[in-house]
2 protein chains.
Amino acid sequence: MSIVVRPDQPAAAKPAVSRPAARRAAAGEEQPAALDDRLGYWLRLAQMAAFEAFNEAMAPLDLTPGRLGALLLIEASPNAHQSTLAEALHVKPPNMAVMLGRLEQDGLIRRVDDPANRRANMLRLTPAGRALLRRARKVEEELEVKLSAGLNTKERAALIAALRRIAEKS
Amino acid sequence: MSIVVRPDQPAAAKPAVSRPAARRAAAGEEQPAALDDRLGYWLRLAQMAAFEAFNEAMAPLDLTPGRLGALLLIEASPNAHQSTLAEALHVKPPNMAVMLGRLEQDGLIRRVDDPANRRANMLRLTPAGRALLRRARKVEEELEVKLSAGLNTKERAALIAALRRIAEKS
DNA sequence: CGCTCACTGTTATGGTGCATAATTATATCG
DNA sequence: CGATATAATTATGCACCATAACAGTGAGCG
């Protein structure tokens, strides 16, 4: 992909104005747009591509990253409370509530009153939820393979480690 | 961050950091959290962290990733058309229009009629736009340093290359 | 006990980003 | 000329996310 945009017009007038001499020297030719060696920029584009691929693959299962994340965590930690889940998924409690409401309506999870704390709900997968999760895992594996195509195992691990360091910065 | 949620045990010991699936498997535990060795998952979290850091740093300049990207591209490619810019930034034309409208209102860019095509606008930075860009570059550099802290030059390059490959998959 | 305060979850509400559809003006081509 | 394509814009709707306000419950303390 090209970052530097070429005006349709043969640009008779070069900028001639102050163009910060960042590191244009390395490119040798025209000025690089200063966008394509930015971590944040590629992070954004990569995430968008991954998101799109995910949606496409999971559409038949009616799963979004958030929904799948919730199901996975509920499976891994049955009887977890909503607030705990919300924190783990970086979702605000109000939005967690509506999302779980939909999951429950779809018959994928159940909310069981916690006898030890009648304010709280314990979350559990229904059989349907478990079944969906099995299907999702297959789809997700293929997706992961596609995403990390071109990366060997070691590169992939390094990538995840790097992303993790960035993510855990805040 | 911990992926496996423990509701009952009040997380006696701090969950510490998440544990890679491999280590868990070696430890004989059978239920992996299944979230923390996913490219898509960490991509999302890293992007969120980067986005947050960006917003915080750029708030005084009233810049978003999109706005900054537009300014940078306009600087690099003066007289570019809106549609070209929209494509480069992965923004739909309608949204590009309102965004550029705001940039123009803020006195950062100008829309000049293209004499060769009276439907199109040629985009240029105003002096104020150039000035803001100078400030933004400084902020952005510090930000980039923070983001890639813990990564040496080579690792950073590898990370960007990997992200790029993912982004360009679609 | 009764009061206050913290917590769990929920609903209501608003902003923002992004997408599509429709509109206007211009360009291009048969 | 007339049909179709392009560039930009406006209008509109939706999904996501955040905050605020609320109801029900638990827990500490005089």
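Order of the sequence lines fixes the chain letters, A, B, ..., with proteins taken first and strands second; residue numbering starts at 1 for each chain.
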Pull out every protein N or O sitting under 3.5 Å from an N or O of nucleotides 19-26 of chain D, one pair per line with the distance.
| unit_1 | atom_1 | unit_2 | atom_2 | d |
| --- | --- | --- | --- | --- |
| D:dT25 | OP1 | A:R118 | NH2 | 2.8 |
| D:dT25 | O2 | A:R119 | NH1 | 3.2 |
| D:dG26 | OP1 | A:R118 | N | 3.1 |

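- In this structure, A:N55 places its CG atom 15 Å from P of C:dC18, rounding to the nearest Å.
- The local environment of CZ in A:R130 is crowded, with over 12 non-hydrogen atoms from other residues, nucleotides or ligands closer than 6.0 Å.
- Comparing the start and finish of the helix from C:dC1-D:dG30 to C:dG30-D:dC1, five pairs each, the helix axis swings through 0°, to the nearest 10 degrees.
- Protein atom CG of B:D113 is 11 Å distant from nucleotide atom P of C:dA27, rounded to whole Å.
- Atom CD in A:Q105 sits about 13 Å away from atom P in C:dT10, given to the nearest Å.
- Put simply, the side chain of B:S148 never gets that close to the backbone of B:L151: no donor and acceptor are under 3.5 Å apart.
- The closest side-chain heavy-atom distance from B:Q47 to A:M48 is not below 4.5 Å.
- With rounding to whole Å, A:M122 atom CE is found 14 Å from C:dT8 atom C1'.
- Remark: side-chain polar atoms of A:D113 are not paired, donor with acceptor, to backbone N or O of A:P115 under 3.5 angstrom.
- Between B:R102 and A:N121, the residue anchored closer to the 5' end of DNA chain C is A:N121, taking for each the nucleotide with the nearest heavy atom.
- No more than 12 heavy atoms of other residues, nucleotides or ligands shown are found within 6.0 angstrom of CZ on B:R110.
- Here D:dC16 presents its C1' atom at 15 Å from CG of A:L89, a figure rounded to the nearest Å.
- Put simply, CG on B:L133 and CG on B:L125 are 6.0 Å apart, with the number rounded to the nearest 0.5 Å.
- Whole-Å rounding puts the B:L85 CG to D:dT9 P distance at 12 Å.
- A donor-acceptor pair is defined here as one N or O able to donate and one able to accept, closer than 3.5 Å; no such pair exists between the side chain of A:D106 and the backbone of A:L108.
- Side-chain N/O atoms of A:R111 include one lying less than 4.0 angstrom from OP1 or OP2 on C:dT10.
- One atom, CE of B:M99, and another, P of C:dT16, lie 15 Å apart when rounded to the nearest Å.
- Residues A:L123 and A:Q82 meet the side-chain proximity criterion, which asks for heavy atoms closer than 4.5 Å.
- A:R44 comes within 4.0 angstrom of the backbone, heavy atoms only, and of no base.
- One interatomic measurement links the two molecules: CE of A:M96 to P of C:dT11, which rounds to 14 Å at whole-angstrom precision.
- Nearer to the 5' terminus of DNA chain C, by closest-nucleotide assignment, is the contact made by A:Q82 (compared with the other of A:Q82 and B:T64).
- With no hydrogens or angles considered, no side-chain donor-acceptor pair links A:H81 and A:N121 at under 3.5 Å.
- The A:S83 side chain lies nearest to C:dT8 when the options are D:dA8, C:dT10, C:dT8.
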